[in-house]
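Throughout, protein chains are lettered first and strands after them, A, B, ... in sequence-line order, and every chain is numbered starting at 1. If you're wondering where the values come from, they're calculated on a predicted model, not measured in any experiment. All values below were derived from every heavy atom in this structure, side-chain atoms included, with hydrogens, water molecules and symmetry-related copies excluded.
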Amino acid sequence: METKQHTLTKEEVKIQYNKFIGRKILLIFFLLASIILVSGISASLGSANLSIWETYSSILNRLFPAYFEPGWLADVCIWNLRLPRISMGIVAGFGLGVAGCVMQALLKNPLASPYTLGISSGAGFGASLAILTGAGIIGGDYLVIGNAFIFALLCSFIILGLSNRKGATPETMILAGIAMMYLFAAMTTILQYFGEAEAVKEAVFWTVGDLDRASWPRVTIITGALVCCFPLLMFKSLDLNLMAAGDETAASLGVNVKRTRIILMAVTTLLVACIVCFTGTIGFIGLVAPHLTRIVIGGDNRFVLPVSGLFGTLLLISADLVARRVLAPIILPVGAITVFMGAPLFLYMIMKRKREYW
Amino acid sequence: MKLKVNNIEFAYNSIPVLENISMELNSAEVLGIVGPNGTGKSTLIRCIDRILNPERGSILLDDHNISKMTRMEIARKLGYVPQSIAGVFPASVIDTVLMGRRPYLGWKSSKEDLDYVLEVLELLGMMDFAMRDINEISGGQQQKVLIARALAQKADILLLDEPTSNLDIRHQLEVMEIMKGIVKNKGISAIMALHDLNLASRYADRMIMMKEGKIFAAGNPASVLTVENIKQVYGVQALVKNDVERPYIVPIGPVTG
């Protein structure tokens, strides 16, 4: 192997490298186009069937008025009923995909997901507490949501605080996360044990995760969280590469490893908590999207981060499309459908891939 | 003098690992650190790069105390070469070496960064591997990638933690020759923790022999690698042949009793 006839020149390698980057950018555009397409199809399907053309013209009409003339029915159907749900899927899927990628890189663990720090069990407990006992920190419409949000953060910040005292190593974080997950799950179980049957059912369904509770204000809140968190995470994506290569390597290249890990964890946690409190724990996307991304474009987090987000979006809105239509008018919980669609795809990719590392 | 270590001490969970270590490093020299497993060679290297913070003592880099320097300032002067690749996720060789530019760049790597990385890869004869994934190349090539990254860092001093421990003899020699060439041609200095006494003898300008967290002997290879020192530090009876240019050690067996 050492004695090759032709050694690549710098120019040749440079061209290859730029092509490699070009392919990644191409993939981003391809995913964006797919998302627009699936959103359009999804928005056109429902109890009142609309054509794709009606759908897009109704969407574009609000953005660029005076060019299109959609019907009144299409406008109401799409803007009041379907688009909030689809938009929620877009932002939630993106956030979960990005968060999963950040967690896996920070914890150097291919099994990490947005919920590794116990967000799901914290949120589940908070929601159960509100549904079963009516006790909550914020009252009114936001009782369940507020509780889910606050307990999700509480659970994660306890884990961050504890592991911070122990040097913030990935191992401490993961183990503390598991302990807290069991603790909150046990508390939820006790609550449910004493709960009324109907309320327990509601609490259980809350945790499955779906997009039924979508509305424009909620989409706006998640979008706001994304707008705050995503640029920061992108800005730190190179440091994520370094930390994924090892704490010592990262430190020797100028990264303050402990501080960066804690801050990025906190930011990611905030983002995920914002999503989870509105959607429940939609699982799997945050675990799978980063892996699918790495299988396709390699491990450079400057690209894995956005692409993983777009994969998350595509997966979630496709799953939602299926969840709404397959047994219509019954709407299946999208959290479960995501797994039905994602698991076979993931298994296929795992079996197909040649390499033995993640 | 490039680097001066003054009486540093370090403990893991209050068990002392390094005690009273003092040493100096001149420009363009290779300093070999040898000693049995667990004597604190790696700890010493990590303290010098401030990956670990010594509890006492000071480390001066070009007469600046490193405890007063920022991580970035240190990263522009000291390049750390770990024992092996620790990542679990895919990364291309070229991206791995580009990481070495981190102390200089912002989010995006510039054209100059890429050019410099390619230059380094060419220097180490790694061009054909540039687009490969680091997990797919041999241990010897991986070690070269890690050295390339430290060179991309434009560090004055390279710190290598047992660079040859996972390599076959050809790659061991290749890596050591590369280091020798770098030290000679670029005026860079290197501190290397090494297990192989003969490699250390052959390539180090000066050596430190450590025992239980302390420096047991220091000086040129001929003065450090003596029958008596090897017996005291390693508990090994050895023959030391001094009829070649550098001392050559033939281990005979563990000292019993």
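Contact check for B/Asp95 versus A/Asn241: no side-chain heavy atoms found under the 4.5 Å cut-off. Side-chain contact between B/Ile51 and A/Ser252 is present, with heavy atoms from C-beta onward closer than 4.5 Å. Taking 4.5 Å as the limit, every side-chain heavy atom of A/Gln104 sits out of range of all side-chain heavy atoms of B/Val88. Put simply, the side chain of A/Leu8 does not reach to within 4.5 Å of the side chain of B/Phe129, judged on heavy atoms. Between A/Leu253 and B/Arg149, some side-chain heavy-atom pair lies under the 4.5 Å cut-off. In this structure the side chain of B/Arg102 reaches within 4.5 angstrom of the side chain of A/Leu238, judged on heavy atoms.
With chain A as the partner, the residue from B/Leu159, B/Asp49, B/Ile94, B/Val117 showing the most heavy-atom pairs under 4.5 Å is B/Ile94. For the set B/Leu52, B/Leu78, B/Val81, B/Asp115, the entry with the most heavy-atom pairs within less than 4.5 Å of chain A is B/Asp115. Interface check for chain B: of the options A/Ala244, A/Gly246, A/Ala250, the most heavy-atom pairs under 4.5 Å are formed by A/Ala244. Considering only heavy-atom pairs separated by less than 4.5 Å from chain A, the leading option among B/Arg76, B/Met99, B/Arg50, B/Glu122 is B/Met99.
In this structure, chain A has heavy atoms under 4.5 Å from both the backbone and the side chain of B/Pro103. For chain B, the nearby parts of A/Val255 are the backbone and the side chain; heavy atoms of each come within less than 4.5 Å. Contacts between A/Asn109 and chain B at a heavy-atom distance below 4.5 Å involve the backbone alone (N, CA, C, O). Contacts of B/Glu73 with chain A are absent, with no heavy-atom separation under 4.5 Å from either backbone or side chain. For B/Arg101, no part lies under 4.5 angstrom from a heavy atom of chain A.
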Exercise for review: Given side-chain contact (heavy atoms from CB on, under 4.5 Å), test B/Leu98 with A/Tyr17 step by step and report yes or no.
Suggested key: CA-CA 12 Å; B/Leu98 262 170; A/Tyr17 185 71; 3.3 Å; yes
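Around the NZ atom of A/Lys108, the shell of radius 6.0 Å holds more than 12 heavy atoms that belong to other residues, nucleotides or ligands. The local environment of OH in B/Tyr12 is crowded, with over 12 non-hydrogen atoms from other residues, nucleotides or ligands closer than 6.0 Å. When the shell of 6.0 Å around CG of A/Leu347 is examined, it contains more than 12 heavy atoms from other residues, nucleotides or ligands.
Of all non-hydrogen atoms in A/Gly254 and B/Ala75, the two that sit nearest each other are N-CB, 3.7 Å.
Interatomic distance, A/Asn256 CG to B/Thr70 OG1, rounded to the nearest 0.5 Å: 10.5 Å. Remark: A/Lys19 NZ to B/Met131 CE distance equals 10.5 Å, nearest 0.5 Å. Distance check, rounded to the nearest 0.5 Å: CD of A/Glu248 to OG of B/Ser42 gives 8.5 Å. Going from atom NZ of A/Lys10 over to atom CE of B/Met127 covers 6.5 Å, rounded to the nearest 0.5 Å.
With sequence neighbours left out, the ring pair (Phe, Tyr, Trp, His ring centres under 6.0 Å) criterion links A/Phe94 to A/Phe230.
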